[in-house]
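In each ligand, atom 1 is the first atom listed, and ligand 1 is the first ligand listed. Values below: all heavy atoms of this structure, side chains included; hydrogens, waters and symmetry mates excluded.
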Amino acid sequence: MSFTADRLLLFGATGDLAQRMLLPSLCALHDDKLIAPELKIIGTARSDYDDDSYRNFARAALNKYLPDFRKSAIDSFLPRLSYQVLDATDAAHFIDLSDEIGTIDKGMAIFLSTAPSLFEPTIAGLSQAGLTGEKVRIGLEKPLGTSLESSREINDAVARAFPEDRTFRIDHYLGKETVQNLLALRFANIMFEPLWNAAHIDHVQITIAETVGLESRVGYYDGAGALRDMVQNHMLQLLALVAMEPPANYDATAIRDEKVKVLRALRLIEPGEAVTGQYRKGAIDGQPVPGYDEELGKESDTETFVAIKAHLDNWRWKGVPFYLRTGKRLPQRKTEIVVNFKRVPHSIFASRGAQTQPNALVIGIQPEENVQLQLMAKVPGLDREGLRLRSVPLNITMPDAFAGPTKRIAYERLLLDLIEGDQTLFVRRDEVEAQWDWIDAIRASWASHGLVPKTYTAGSWGPSAAIALAERDGVTWHE
Ligand code: BG6
């Protein structure tokens, strides 16, 4: 059912995500009048706040994470907020919550960002308090389980109260402008699609590199590791957008139908097709940083880096490797997709001593937002000593091309779509399950082969075995 909610209920309203992303996003949407004046935002968590003290809490978060925002804009945003203390395991608290929310006749959007163990009691509490009706939709923040089985349990619990068309699974990478731009690049331009296949593409690289370490997420991260924290969701969503068939429409069903086909075509990798690593002390930007074991305060087998050679068993991508890598404490923060084309079938320049390089399309997702096409060009000159060719970039820098529009936080887009009910940029249950299916098989294979992470120095590009993984195929990681 289509409706625009006039209530937004935030679970985990005092958490890190709320402070860093949700409150700033909502404040920015408010300031740009993109959310209706009547939208009430109700925060809930265990911490003991009332409306006033929660508004003070929110103000502090906004001052910290939106330091350049006008004070008057923050002042006019805060009255939208109210707060209700809630212990998700106590059903009576949901009745108080329902009183606080008031009528939900126009519609309510829920944003659930709590510990996975609280998902089931929260859904049950909402149901009992009559807060799951036809005009309520729910957004679910990761982690949605740690395996296919546990994700099914969560999805089943949610499905008891919310049908799929009112369930919005969040992968914040889909809220990023540059990730959505992948669709425009592929499907709003004629020149890529005819070449976008195994006949013309040699291999694809996807890198999500981070400089941060464990941050303050000891409890969560050590139980997850890079494969489940980054590959299972963000990396596989990027891969699906790169590899999917052209959907017939830009709508939730058409796009998600195509993505899930890609995810189901992922081949189980061989033992030699993955490398895991864990950082040891080193330096980033000239600053010394501790090792993972030191940050954690104990030894651990959790991987903070993973590189995988993946394959899609379908007609379009037969024989085209997808090299994926992600890690913490790498030398720079960079998310990028590189599509490496094949060489020209015959070089007319060979007889003149010139070499051709394959073309490459480099799509910068963050922090650089650009699209660069590496093309061969003739080096100017009279060529008395032979003709020379060189690879030169055709470069589009998004901030230059689009100087006008404000840069948005990914959650602004996702919160607005949740409030208004557009599922296109949310992950469907079958996608999540296909993702877990592949990840579980990798983990099972690692366990049976006793794979333990190799160490790498913080500030390097991961263990040397990750470089070898690509180099044995004659491939160099794009850096
Ligand atoms: C989160 C992971 O999903 O994504 C974090 O849990 C990671 O470990 C973060 O740091 C990266 O997001 P972004 O938007 O900074 O690339």
Side-chain angles (χ1 to χ4, degrees), residues 12 15-22 24-25 28 65 111-116 139-147 150-151 154 168-182 206-241 276-279 284 289 292 295-296 300 302-306 324-337 363-370 398 407-415 425-427 431-432 435-436 439 453 458 462:
D16 191 54
L17 185 74
Q19 294 179 60
R20 278 210 272 187
M21 295 290 168
L22 305 183
S25 297
Y65 294 108
F111 190 107
L112 192 55
S113 144
T114 49
L140 305 171
E141 182 57 66
K142 69 175 269 237
L144 289 183
T146 52
S147 62
S150 56
S151 101
I154 290 174
F168 289 58
R169 288 177 204 81
I170 293 156
D171 183 316
H172 79 277
Y173 266 57
L174 296 180
K176 292 181 193 273
E177 193 67 55
T178 36
V179 172
Q180 293 156 40
N181 199 32
L182 264 174
I206 306 180
T207 295
I208 308 182
E210 298 186 277
T211 53
V212 292
L214 194 47
E215 298 179 287
S216 51
R217 305 158 77 215
V218 180
Y220 158 73
Y221 192 86
D222 198 54
L227 184 73
R228 289 185 283 184
D229 183 47
M230 297 297 281
V231 180
Q232 185 273 336
N233 37 58
H234 312 320
M235 185 69 99
L236 288 185
Q237 283 292 321
L238 292 182
L239 178 122
L241 292 172
T276 58
Q278 190 188 87
Y279 59 85
I284 293 181
V289 293
Y292 181 78
E295 283 184 55
L296 192 63
S300 157
T302 299
E303 78 286 354
T304 61
F305 174 96
V306 56
L324 316 176
R325 69 175 167 167
T326 182
K328 302 238 179 242
R329 294 284 193 222
L330 300 186
Q332 65 187 100
R333 176 169 185 255
K334 177 169 88 165
T335 300
E336 152 189 287
I337 298 165
I363 305 165
I365 305 281
Q366 64 183 23
E368 261 85 65
E369 303 181 350
N370 56 6
M398 291 301 165
K407 193 166 185 291
R408 299 284 182 184
I409 307 170
Y411 282 95
E412 286 184 59
R413 170 69 196 236
L414 298 176
L415 282 162
L425 299 177
F426 294 84
V427 185
E431 292 179 80
V432 177
Q435 290 171 180
W436 276 122
I439 295 294

Could you list each N/O atom of ligand 1 together with any protein N/O atom closer than 3.5 Å, one pair per line with the distance?
residue	atom	partner	partner atom	Å
ligand 1	3 (O)	Lys142	NZ	2.8
ligand 1	3 (O)	His234	NE2	2.6
ligand 1	4 (O)	His234	NE2	3.4
ligand 1	6 (O)	Lys142	NZ	2.7
ligand 1	6 (O)	Arg217	NH2	2.6
ligand 1	6 (O)	Asp229	OD1	2.6
ligand 1	6 (O)	Asp229	OD2	3.4
ligand 1	8 (O)	Arg217	NH1	2.8
ligand 1	8 (O)	Asp229	OD2	2.6
ligand 1	8 (O)	Lys328	NZ	2.8
ligand 1	10 (O)	Glu210	OE1	3.4
ligand 1	10 (O)	Glu210	OE2	2.5
ligand 1	10 (O)	Lys328	NZ	3.1
ligand 1	12 (O)	His172	NE2	3.1
ligand 1	14 (O)	His172	NE2	2.8
ligand 1	14 (O)	Lys176	NZ	2.6
ligand 1	15 (O)	Arg333	NH2	3.4
ligand 1	16 (O)	Tyr173	OH	2.5
ligand 1	16 (O)	Gln366	NE2	2.7

> For Arg329 and Ile284, what are the C-alpha separation, side-chain angles and deciding distance, and is it a side-chain contact (heavy atoms from CB on, under 4.5 Å)?
Replying inline: CA-CA 7 Å; Arg329 294 284 193 222; Ile284 293 181; 3.6 Å; yes
>> Please enumerate all residues that pass side chain to side chain donor-acceptor pair (under 3.5 Å) together with Arg333, with sequence neighbours excluded.
In response: Gln366
>> Between Lys407 and Glu369, does any NZ, NE, NH1 or NH2 come within less than 4.0 Å of an OD or OE carboxylate oxygen?
In response: yes
> Hey, is Lys142 close enough to Asp229 for a salt bridge, meaning N to O under 4.0 Å?
Replying inline: yes
> Would you call Phe168 and Leu414 a side-chain contact if the rule is heavy atoms closer than 4.5 Å?
Replying inline: no
> Closest heavy-atom contact between Tyr65 and Gln19?
Replying inline: CD1-O, 3.3 Å
